[in-house]
**Q** 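Pasting a structure here, questions to come.
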Amino acid sequence: MTPGAPAPSPVPVRSTPMRLLSFDAYRSFGIPDTRYLKPELMYRHEAEILAADWLLFPASWQVDVLAWVYNKRLFPSIQSYHLGHDKVRMTRALWAAAPAHVPETLILPSTPAALEEILDTFSFPLVLKEPRSAEGRGVALIEDRQALRDWAASHDVLYAQERLPIERDVRVTVVGDQVVAAYWRKAPQGGFHNNIARGGELIFEDVPPQAVSLVADLARRLKIDHAGFDVALVDGHPFILEFNVLFGNGGLEPLGVKLADVIHQYLSRETPGPTLQARTSRHHP
């Protein structure tokens, strides 16, 4: 078990299979009882959607209809989608939930006055991010005034963040109601991005428990049930850089995490309906 992660709940054995409908064949591969449906065919299969116990991995444009019109259970949760796909929403939620664990950040319209505020607040280098991006894309290390002006010229919103003095970060992965993996990611020599997709190195030793416990608490409070959190450690203090609802799986296999099994067990625990006795309990007549 990952250090600091809560103990898994007992796995109920259902007397009838769940009805799972997925809109992403890749991310739902290996999950039992799951049928795949192309997102663009959603409106042709309303009856099947309404009959499903869970709808898995919808496209972001589907979420509002599936959750608010059809009133269906989604996995990942609607909170995971709405916060995890937009860094502006995410940061505002983190400011409220854990302000001491957010790097200094400004979110401003791209105006001359905003540029002056950024220059008054931060020293170079600083980090600029696009509100919707993942795997290190849309994130830039800005070294000088001209680079800042060039970025502002092509972006309507300026998401500016202090550059923390780190050479690696911790990826903490939450699935369902538990932390399932945690490991360091280190940028290649001379690099800025720690992401595996950008050449980052995985390190599994000495993962700080304070990073894991912070993420476990935030995921519970924000109702995030499928996300990879990126955590920076500065003098032992954890800072949440961001989290992504659709994360890479490269760090899970070395830890023996079978994602399809974890997801299926979580959905089974959370699905109302007839179940047999939990596998972890003993029957006493």
Side-chain angles (χ1 to χ4, degrees), residues 83-95 98-173 182-203 207-208 211 214-215 227-248 250-251:
L83 298 180
H85 277 313
D86 189 311
K87 291 181 177 62
V88 173
R89 283 182 171 180
M90 178 193 307
T91 301
R92 287 172 176 159
L94 292 174
W95 277 337
H101 299 281
V102 183
E104 187 167 11
T105 305
L106 291 178
I107 301 170
L108 301 167
S110 185
T111 64
L115 291 180
E116 291 303 315
E117 185 172 352
I118 290 171
L119 291 170
D120 289 342
T121 303
F122 301 107
S123 58
F124 293 110
L126 59 92
V127 177
L128 289 180
K129 300 179 180 181
E130 295 178 354
R132 297 195 174 192
S133 59
E135 296 185 335
R137 296 185 297 268
V139 179
L141 186 65
I142 303 299
E143 303 279 2
D144 54 43
R145 288 172 177 259
Q146 187 57 51
L148 175 60
R149 294 191 191 99
D150 292 344
W151 179 279
S154 58
H155 293 80
D156 294 329
V157 175
L158 299 179
Y159 181 107
Q161 199 165 73
E162 65 175 315
R163 170 71 159 113
L164 296 176
I166 61 170
E167 295 180 348
R168 59 181 183 171
D169 62 26
V170 180
R171 163 58 60 89
V172 182
T173 303
Y183 49 87
W184 290 101
R185 306 181 309 168
K186 184 177 181 180
Q189 185 68 32
F192 165 59
H193 298 90
N194 296 320
N195 309 71
I196 300 172
R198 305 291 291 270
E201 175 189 359
L202 301 182
I203 303 171
V207 175
L214 172 62
V215 168
F229 286 74
D230 300 336
V231 186
L233 272 292
V234 179
D235 296 328
H237 183 79
F239 290 92
I240 302 292
L241 298 176
E242 63 183 58
F243 60 85
N244 294 290
V245 61
L246 300 179
F247 50 83

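All values reported here derive from a predicted model rather than from experimental measurement.
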**Q** What do the steps show when you test Val207 against Val172 for side-chain contact (heavy atoms from CB on, under 4.5 Å), and what is the final call?
**A** CA-CA 10 Å; Val207 175; Val172 182; 5.8 Å; no
**Q** Find out whether Glu104 and Gln161 are in side-chain contact, i.e. whether some heavy atom of one side chain is under 4.5 Å from a heavy atom of the other.
**A**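 SC-SC contact between Glu104 and Gln161 ruled out.
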**Q** Passes side-chain contact (heavy atoms from CB on, under 4.5 Å), Ile166 versus Leu233? Steps please.
**A** CA-CA 7 Å; Ile166 61 170; Leu233 272 292; 6.0 Å; no
**Q** Give a yes or no on whether a salt bridge exists between Asp169 and Lys186, defined as a side-chain N under 4.0 angstrom from a carboxylate O.
**A**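 Not counted as a salt bridge, because no side-chain N and carboxylate O are separated by less than 4.0 Å.
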**Q** Compare every heavy atom of Phe243 with every heavy atom of Ala227, then report the nearest pair and how far apart it is.
**A**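 Ala227 and Phe243 have their closest heavy atoms at CB-CD1, 4.0 Å.
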**Q** Would you name the heavy atoms of Gly250 and Leu202 that are closest together and state the gap between them?
**A**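 That would be O-CD1, 3.8 Å.
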**Q** Is the closest side-chain heavy-atom distance between Leu128 and Leu126 below 4.5 Å?
**A**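 A side-chain contact under 4.5 Å exists here.
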**Q** Any non-hydrogen side-chain atom of Val157 less than 4.5 Å from a side-chain atom of Pro109?
**A**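 They are not in contact (no side-chain heavy atoms under 4.5 Å apart), so the answer is no.
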**Q** Between His155 and Trp151, what is the ring plane arrangement, given parallel below 30°, perpendicular above 60°, and tilted in between?
**A**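 Taking Trp151 first and then His155, their aromatic rings lie parallel (interplane angle under 30°).
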**Q** Minimum heavy-atom separation for Pro208 and Trp184, please, with both atom names.
**A**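 For Pro208 versus Trp184, the nearest heavy atoms are CD-CZ2, 3.5 Å.
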**Q** If we ignore angles and hydrogens, is there a donor and acceptor under 3.5 Å between the side chains of Tyr159 and Thr91?
**A**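 Yes, a side-chain donor-acceptor pair sits under 3.5 Å.
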**Q** Considering all heavy atoms of both residues, which atom of Ile142 and which atom of Phe124 are nearest to each other, and what is their separation?
**A**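 Where Ile142 meets Phe124 most closely, the heavy atoms are O-CD2, 3.5 Å.
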**Q** Where do Ala98 and Val102 come nearest, in terms of heavy atoms and distance?
**A**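 Residues Ala98 and Val102, closest heavy atoms: O-CG2, 3.5 Å.
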**Q** Once rounded to the nearest 0.5 Å, what's the spacing between atom CG of Leu83 and atom CE of Met90?
**A**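 One gets 7.5 Å once the value is rounded to the nearest 0.5 Å.
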**Q** Determine whether Lys87 and Glu242 make a side-chain contact, defined as any pair of heavy atoms from C-beta on separated by less than 4.5 Å.
**A**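 Heavy-atom side-chain distance check passes, below 4.5 Å.
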**Q** Which atoms form the tightest heavy-atom contact between Ala152 and Ser110, and what is the distance?
**A**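 Answer, listing the atom of Ala152 first, then Ser110: O-OG, 2.8 Å.
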**Q** When rounded to the nearest 0.5 angstrom, what is the spacing between CG in Leu158 and CD in Glu130?
**A**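 Nearest 0.5 Å value for the CG-CD distance: 11.5 Å.
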**Q** When rounded to the nearest 0.5 angstrom, what distance separates CZ in Phe239 from CG in Asp230?
**A**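 Here the interatomic distance stands at 15.0 Å.
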**Q** Side chains of Thr105 and Trp95: closer than 4.5 Å at any heavy-atom pair?
**A**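 Yes, side chains in contact.
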**Q** Just how far is it from atom CG of Leu115 to atom CG of Leu148, taken to the nearest 0.5 Å?
**A**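 Taking CG in Leu115 and CG in Leu148, the distance rounds to 5.0 Å.
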**Q** Does CG in Asp144 sit with more than 12 non-hydrogen atoms of other residues, nucleotides or ligands closer than 6.0 Å?
**A**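 Enclosed: over 12 neighbouring heavy atoms sit under 6.0 Å from CG of Asp144.
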**Q** So does Ile240 get a backbone contact from the side chain of His101, meaning a donor-acceptor N/O pair under 3.5 Å?
**A**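 No; zero donor-acceptor contacts below 3.5 Å.
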**Q** For the atom pair OH (Tyr183) and OG1 (Thr173), what is the distance rounded to the nearest 0.5 Å?
**A**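 One finds 4.5 Å between OH of Tyr183 and OG1 of Thr173.
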**Q** I'd like to know whether Val245 forms a side-chain contact (heavy atoms from CB on, under 4.5 Å) with His85, so could you lay out the CA-CA distance, the side-chain angles of the two residues, the decisive distance to 0.1 Å, and finally the verdict.
**A** CA-CA 7 Å; Val245 61; His85 277 313; 3.5 Å; yes
**Q** Going through the checks in order, is the side-chain contact (heavy atoms from CB on, under 4.5 Å) test met by Glu162 and Leu164?
**A** CA-CA 6 Å; Glu162 65 175 315; Leu164 296 176; 3.6 Å; yes
**Q** Can you check whether Leu108 reaches Glu117 side chain to side chain, under 4.5 Å on heavy atoms?
**A**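 Side chain of Leu108 against side chain of Glu117, heavy atoms only: contact under 4.5 Å found.
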**Q** For Glu167, look at atom CD and say whether over 12 heavy atoms of other residues, nucleotides or ligands are found less than 6.0 Å away.
**A**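 Counting other residues, nucleotides and ligands, CD of Glu167 stays at 12 neighbours or fewer.
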**Q** Hey, are the side chains of Arg171 and Phe247 touching, using non-hydrogen atoms and a 4.5 Å cut-off?
**A**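 Contact flag for Arg171/Phe247 side chains = yes.
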**Q** Inspect the contact between Arg168 and Glu201 and indicate whether a charged nitrogen and a carboxylate oxygen are less than 4.0 angstrom apart.
**A**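 No, this pair does not count.
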